[in-house]
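Each residue takes its place number in the sequence, starting with 1.
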Amino acid sequence: MNGKDSVSGDPSEILGELLEIQGQTAQHIFSQFLPGLELPTPGKDEMREWTAAAQEMQELWQQFQDQQELPDQLPPLLSEPAQWMEYLEAFYRQMPLAKPEKQQELWQQSLALCEDVLGQYGIGPKASETQESLPELPHKDRRFADPRWREQPIFALIHQSYLLVASQLLASVDEAEGLDEHEREQLRFAMRTMIDALCPANFPMINPIVLERTMEMQGENLVKGVERLASDLEKGQLTHTDREAFKLGENIAATPGKVVYETPLYQLIQYSPVTEEVLEVPLVIFPPWINRFYILDLNPKKSFVHWAVENGITTFMVSWKSADESMAEITWDDYIRAQMDAIDQVRKRLKVPAVHTVGYCVAGTTLAATLAVLARRGEADKVKSATFFTAQVDFEKAGELKVFIDDAQLEMIRQASKDGYLDGRYMAATFNLLRGPDLIWNYVVNNYLLGEDYPAFDLLFWNSDVTNLPAKWHTAYLQDLYRDNLLVEPDALSADGTPIDLGRIDMPVYIQAGREDHIAPPESVFRMTQHLPGKKRFVLAGSGHIAGVINPPASGKYQYWTNKGEFSDLTEFAKGAKEHKGSWWPDWFAWLKSQDKALVRVKGKRNPGKGRSDKVIEDAPGRYVAMR
């Protein structure tokens, strides 16, 4: 700066000149190491736009902060950070990477990686003579699939170094000394979560895609990101999709039907038939109450409900109420009683002796307990068959969710449960952490840093439509099942005054598991076959907890495996299993019809709300699904 220009009173002029000098300095420094690299340096007019964007971000953030108040009682990790640091340091001392020899080994690997990567750009002792295409880098990860991560050596070296260190850190978890299995899994989860958070793609100044977008938009993408961040912090939940794009009952959860019965805990929906004849035995579906039921009714092309109705099944769905203060005393007994009540209501309504049942996830676990209670009471014949979607009864190998189950974690959950219920956003955050790169950091980059518009995606709309959980039920469920694994011990638990023994469930069952399921691992789901004595059909579906279930035949996606016989574990099942292309739904439907092929004509209450005597409550999807 020189002359009168250097004393301009316009802040944008001052900031512009400072950034211009910074750009020139950075160009000079990088050119010493990376000849030919040109860093664009914005001019003064662009700097004014940058300054305006920065001021707008500052104002937005200040407005957000002015509106916020800290809660009266902070969670333990925030109120006592010293204890948390001691905990991490104790783990660190047990990590092999804390040892000098391991540090030396990592340093040597890093140096070799640096020489190999830079060599492909014609730099250093391993410089290649020709460069006809983008370099072929040793470490692969889809977060760095964009060619811009390889166009410049600095960004290639950044992300390759990150992937090397990440792999070493994760490997060191298995070598850490003095840990029991549960502590090792907790450390693995914590390490992976930290590594995901520290991914270079999450930082605007070392992400070439974000840098390019920011230069193009003079920082407006970051202004939009700060605004979205403030909005998400205010509502306490990460935004995944355009919520204005969907409306319940119109373009999501829109299969026609009627609410035919309700209690303070659930509504019972009966869907309208589209065939002249239907199977005589109706189907009652129990979805999990930790999510909304319409995962099974997203849209006509993906809807299990729509497909079932088209195939002539009289289909009922339970829509659970999201917990509030009125449900502070709700326990597992209440959900088991509700399932028995729904079964009886359908039998009474259609004047049939028995129903088919489906239980998904936690509702499937509960359905197993319900069937055990009915069997003990001599009422097993009320249920013709039971189908379990990704449901566990044996929680010894229940997967990554067990990292959240110990006395300290349970105490934190109790503290987070206010007015007798746990806010659904807590569970949403927990499930998001299990797939951090996909459900957290992907959206941080796309929506906070790049400023991209939110997609209109029905599955993400459902995923963000959280439900609250009764605190008493939630705590007991985690303690009795996840921690103590009592459901598989005969008579260790009881419900509604009746002891629970899964060995009494002697009926046809269909058990579906997802091969990549991280919530209900297939190895854990398979164990149900060892606890139920009746005729069983186990099907291993491609994909995970959601896509493994929601896989309509028309999509032509994935595959499933079947095998005849008795097997000690999933590995033995898989050895001789037969692979089938596409959806497992037709296999299930053929199995269901084999239990009872009888058909009846659609008349009377088989078509809800059509007759004068059928006093229904309201149209599907009902009120409960819209309650927050």
Could you tell me whether the side chain of [X] and the main chain of [Y] form a donor-acceptor pair under 3.5 Å?
X: N447; Y: E452; value: yes
X: D232; Y: T239; value: yes
X: H240; Y: Y443; value: no
X: S322; Y: N468; value: yes
X: W332; Y: T366; value: no
X: S303; Y: P300; value: no
X: R292; Y: V466; value: yes
X: Q595; Y: V281; value: no
X: R515; Y: A513; value: no
X: R537; Y: Y510; value: no

(request) Assess whether salt bridge (charged side-chain N to carboxylate O under 4.0 Å, His left out) is satisfied between K397 and D394, documenting all intermediate values. (result) CA-CA 8 Å; K397 302 291 184 181; D394 188 329; over 6 Å; no
(request) Give the ring-plane orientation class for F526 versus F573, where under 30° counts as parallel, over 60° as perpendicular and anything between as tilted. (result)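 Answer is tilted, since the angle falls between 30° and 60°.
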(request) Measure the acute angle between the ring planes of Y360 and F389, then classify it against the limits of 30° and 60° as parallel, tilted or perpendicular. (result)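 Taking F389 first and then Y360, their aromatic rings stand perpendicular (interplane angle over 60°).
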(request) Give every residue pair that meets the salt bridge (Lys or Arg N to Asp or Glu O under 4.0 Å) criterion with at least one member in residues 373-389, sequence neighbours excluded. (result)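 Matches after skipping sequence neighbours: D344-K382, R376-D491, R377-D496, E379-K382, K384-D596.
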(message) According to salt bridge (Lys or Arg N to Asp or Glu O under 4.0 Å), does anything in residues 295-317 pair up with another residue at least two apart or in another chain? List the pairs.
(response)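 For residues 295-317, and leaving out neighbouring residues, the salt bridge (Lys or Arg N to Asp or Glu O under 4.0 Å) pairs sorted by first residue read K302-D458.
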(message) My understanding is that only residues two or more places apart in sequence, or in another chain, count here; which of them pass ring-ring contact (aromatic ring centres under 6.0 Å, His included) with Y426?
(response)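 Y426: no ring-ring contact (aromatic ring centres under 6.0 Å, His included) contacts found.
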Locate the shortest heavy-atom distance separating [X] from [Y]; write the atom from each residue and the value.
X: A456; Y: T241; answer: CA-OG1, 3.7 Å
X: L532; Y: K536; answer: O-NZ, 2.7 Å
X: N551; Y: W585; answer: N-CZ2, 3.5 Å
X: P282; Y: V346; answer: CG-CG1, 3.7 Å
X: N607; Y: P273; answer: OD1-CD, 3.4 Å

(message) Other residues, nucleotides and ligands only: do more than 12 of their heavy atoms fall within 6.0 Å of NZ on K605?
(response)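 Above 12, so yes.
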Any luck finding a side-chain donor-acceptor pair between [X] and [Y] under 3.5 Å?
X: D465; Y: Y294; result: yes
X: D587; Y: H580; result: no
X: N251; Y: N299; result: no
X: W320; Y: T467; result: no

(request) Kindly indicate whether a cation-pi arrangement holds for R349 with F316, taking the cut-offs as under 6.0 Å to the six-membered ring centre and within 45° of the axis. (result)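 No; the conditions do not both hold, so R349 does not lie above the ring face of F316.
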(message) If the threshold is 4.0 Å, N to carboxylate O, is there a salt bridge linking R188 and E185?
(response)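 A salt bridge links R188 with E185.
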(message) Can you confirm if the aromatic rings of F304 and W588 lie within a centre distance of less than 6.0 Å?
(response)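 For W588 and F304, the ring centres are under 6.0 Å apart.
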